[in-house]
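All remarks here apply to the structure that follows.
Side chains are part of it too, since the values below use all heavy atoms of this structure and drop only hydrogens, waters and symmetry mates. Keep in mind that what you see is a predicted model, and the values were worked out from it rather than measured.
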Amino acid sequence: MINEEANTAVENKPETQEYFINMGPQHPSTHGVLRLMLTLDGEIIKKVEPHLGFIHRSIEKMCEKDSYQQIVHLTDRMDYLSCHMNNEAVCLCVEQGLQLEIPERVKVIRTIISELTRLSSHQLWWGVMGMDLGAITTFLYGFRDREMITDIFEETCGARLTMNYNVPGGLMFDIHPNFQKRTKDFITYFKKKLPEYDDLLSNNVIFTERTKGIGMLSKEDAISYGVTGPSGRASGFSCDVRKHFPYSAYDRVDFREIIYTEGDCYARYRARIDEMHESMKIIEQLIDNIPEGDYKAKTKAVIKLPEGEYYQRVETARGELGVYVVSDNKKSPYRLKFRSPGFSNLSALNIMAKGDKIADLVATMSTLDLVIPDIDR
Amino acid sequence: MGLKKYISDIFYGVKSLITGMKVTGHYFVRPKEIITQQYPENRESLKMFDRFRGEVVLIHDENNMHKCTGCSACELACPNGSIEIISDKVIDPETGKSTKVIDKFVYHLSMCTFCNLCILSCPTDAIKMAQNFEHSVFDRSELTKVLNKPGSKIMPGIR
Amino acid sequence: MNFNIYDFTGFVNSIKQWLNSVFPPAVADITGFVIIGICFLTFITLLGLSLVYIERKVCAFFQQRLGPMRVGFWGTAQTVADIIKLIFKEPLIAKGSDKFLFNLAAFIVIVAPFMAIAAVPFAKGLHVLDFDIGLFFITAVSSIGVTGILLAGWSSNNKYSLIGAMRSGAQIVSYELSVVLSLLTIIVLTGSLQLSAIIESQRDGWWIFKGNIPAIIAFFIFIIASTAESNRGPFDMAEAESELTAGFHTEYSGIKFAYFFLAEYINLFIIAAVGATVFFGGWMPLHIGNFEFFNKIMDFIPPIIWFFGKIAALIFLIMWFKWTFPRLRIDQLLTLEWKYLLPINLVNLLMMSVVALNGWHF
Ligand code: SF4
Ligand code: SF4
């Protein structure tokens with residue numbers, strides 16, 4: 001309804017000067033200690049320069065002295081919203097190195113909890129997205145629904161956010177007897193609530209006007225910057241690790257890889273909303289078919305990976321997380337590198353935001369769904 | 001021309017806004033569905049799940065006995081160095097052999113990340129996670145706790 | 001003293017007479033002014049405090065929260081506590097800011113609504129300034145506040161403040177137009193700018209019902225444009241906490257911040273008062289033509305309750321907007337005004353003139 005024609009160039013403009021603004025490290029919409037140096041012409045963004053390092057905790061270096069069991073819990077602190085996937089990535093990598101046979105039960109439970117984590121991450125993102133655009137109520141609604149998932153986690157894994165439920169070889173404990181019932185209750189509940197998300201934001205005319213055609217990212221740019229996850233798929237880049245390199249139980253479930261070709265904020269928004277539907281579909285397929293068996297394969301108390309290099313990727317809520325381990329047959333890795341999705345996604349911010357307004361930058365950043373500790377590690 | 005589109009744009013725009021207001025209005029008139037709780041008041045009814053990881057405790061039975069052998073497995077398993085086992089060598093009066101006995105089980109709550117690795121590593125299940133989550137204190141030194149109670153002994157038959 | 005809840009004229013006059021009988025005329029006048037001033041100061045403070053509380057509660061219920069619950073019964077004393085805190089806070093002045101303008105801005109912002117509220121008719125006879133350009137006075141005076149916002153942004157020596165101030169300047173200048181035009185649509189029917197006359201003209205029904213479709217359109221435009229004019233969500237671009245931290249009042253703290261805060265809520269009240277007066281008959285009870293019996297029952301409810309009830313309803317509507325919608329972008333805001341509201345408004349005004357000329361209204 002309201003289209004953007006207000007800023008077509010005016011002839012004989014008086015001479016203007018570009019100026020800088022520091023957005024962050026303390027700023028409400030950078031969601032953490034990210035500092036963006038904006039070069040502005042009035043309200044139009046000329047350049048965005050992210051400055052990192054404010055929350056660097058040298059997790060990769062710490063991994064070089066920790067045992068493999070201990071490394072798992074450090075990954076909780078990277079992308080805390082998809083902590084289970086981070087744990088899983090390390091565990092899968094170690095299991096690949098040890099060539100362990102993982103019980104089917106573990107695979108299925110890991111998949112279910114991964115999808116629950118993805119749901120909870122997207123719910124939080126949805127709430128925050130609305131808040132960034134000024135609709136503060138969505139924030140509370142997002143958290144309301146997320147609360148049910150964190151309760152499930154708390155009951156089964158023992159913690160709400162940094163769950164550390166995976167150990168190399170399986171799970172820390174078996175699922176709680178209530179797990180299946182609670183998850184099913186949640187799915188029924190959330191199926192009813194998801195249309196509300198559409199009513200409040202997706203179809204809202206102000207929201208669509210603020211996101212459609214904003215923060216454009218072409219498929220070529222998405223590939224060359226390595227933008228993955230829902231953000232990359234919204235630009236038409238088919239990059240779902242769950243489809244292309246299935247791990248855990250993803251090879252036996254039926255789900256759709258969400259691909260949009262528009263590459264704007266609205267496409268990224270839709271991709272995440274649709275992913276919530278797909279996640280629920282995956283959970284529904286698995287929740288009643290958890291095979292019986294052990295919740296953990298037998299491992300030695302001290303894990304030593306054979307000499308060599310190992311790489312494992314998983315699809316977190318933000319994109320592709322890669323774990324690269326170089327082992328020299330000691331109890332801790334010689335070098336461990338995380339390919340974090342947030343870092344690559346952030347690198348494309350400049351080309352996405354250039355030429356838009358400050359308010360659009362906020363929308364673009366929200367749809368990238370940045371988690372700063374994931375970028376900085 | 002655009003006039004028809006102009007009017008339908010307005011119509012659909014207003015409609016979408018009213019749908020949004022319906023959602024918030026729905027919750028406004030249903031104060032029963034309020035989700036927030038009044039925390040210190042509901043302390044009585046607030047029960048954490050039994051797997052919830054609040055702090056590490058050493059299990060003591062009614063005779064002030066625990067099961068810790070002082071093997072330091074938990075100390076090694078801890079990624080953050082939040083457990084320190086200070087043990088003594090004691091000569092057993094009956095057999096005359098020297099055995100390890102814990103003097104102090106020091107636990108630094110402030111450094112703990114509640115990862116549960118110590119609990120998993122303990123060969124005798126001497127420690128467990130408690131559900132207490134109210135850890136705020138005025139002095140940081142209060143967060144360093146000695147977990148074995150004064151005068152406590154190791155249960156017979158554990159070693 | 002003849003106190004009558006339905007008509008304050010006698011009450012006010014008896015106070016006047018009493019003052020005149022005790023004091024010489026000049027002193028009596030000044031005492032009168034002081035009494036009115038004190039009344040308004042108290043009223044505005046109470047109003048600001050209660051509106052902040054109401055806003056927080058309303059917002060909480062929209063968001064499935066309880067809102068303030070601790071201070072006083074159901075948190076009723078929360079805002080008092082907040083104000084006390086703000087008073088005792090250090091009024092920081094940012095380095096490099098223009099100190100004179102920085103301080104002045106806070107006062108301009110608060111003075112504007114103080115002046116405007118004088119012309120609001122609260123009930124029959126309870127009306128301080130009732131002159132023949134009452135409506136014009138309110139709209140003119142209440143937009144002085146934007147100077148304060150511009151000054152605040154300019155003098156803060158903060159780029160976020162400056163952007164916020166510039167946004168709000170552009171915003172208020174354009175939306176002022178829509179507010180006035182939508183009010184003008186009803187003025188076509190009343191033929192007077194005097195607020196008491198406008199209310200009197202609605203004795204047999206409110207304009208929103210009598211004025212046919214154009215009146216309803218005008219009301220919607222009024223409520224949108226005045227929300228925008230008061231810098232409230234979804235038009236709170238000047239503050240836009242997720243973009244500009246807090247916009248023009250980023251650098252203000254302590255009591256000066258409280259002024260900005262208070263001004264926003266009093267502006268909200270004035271907008272609702274103007275809307276209620278022009279479209280919903282001010283303190284006039286709901287009357288339908290010549291249904292004498294029905295009108296009698298309605299008259300039984302005191303006018304002051306009618307007035308505040310209407311205002312409460314309008315304020316609730318505006319709050320409902322704020323807690324539901326995302327914020328617009330500045331260029332969309334201007335497009336909305338110049339491409340949608342203004343043309344519709346002009347056509348609507350024309351329609352209303354035709355309606356008035358042909359006597360199609362009731
Ligand atoms: S829970 Fe983890 S961090 Fe805490 S003491 Fe045990 S091993 Fe250490
Ligand atoms: S608590 Fe368990 S692991 Fe730790 S020293 Fe005692 S027996 Fe060993």
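Ranked by non-hydrogen atom pairs under 4.5 Å with chain A, the options C/Lys159, C/Arg65, C/Met166 are led by C/Lys159. Highest contact tally toward chain C, considering only A/Ile358, A/Ile21, A/Leu40, is held by A/Ile21 [criterion: heavy-atom pairs under 4.5 Å].
Heavy atoms of A/Leu201 lying under 4.5 Å from chain C belong exclusively to its side chain. With a 4.5 Å cut-off on non-hydrogen atoms, C/Ile330 touches chain A through its side chain but not through its backbone. Heavy-atom distances place the side chain of A/Tyr141, and not its backbone, under 4.5 Å from chain C. Heavy atoms of A/Phe139 lying under 4.5 Å from chain C are absent altogether.
Taking the six-membered ring where the residue is Trp, C/Phe235 and C/Tyr175 present tilted rings, their angle falling between 30° and 60°. Below 30°, between 30° and 60°, or above 60°: for C/Phe261 and C/Tyr265 the angle between ring planes is above 60°, a perpendicular geometry.
Between C/Arg56 and C/Asp82 there is a salt bridge, since a side-chain N of the basic residue sits under 4.0 Å from a carboxylate O of the acidic one.
Checked against the 6.0 Å centroid threshold, A/His27 and C/Tyr160 count as a close aromatic pair.
Between the side chains of A/Tyr269 and A/Ser202, at least one donor N or O lies within less than 3.5 Å of an accepting N or O.
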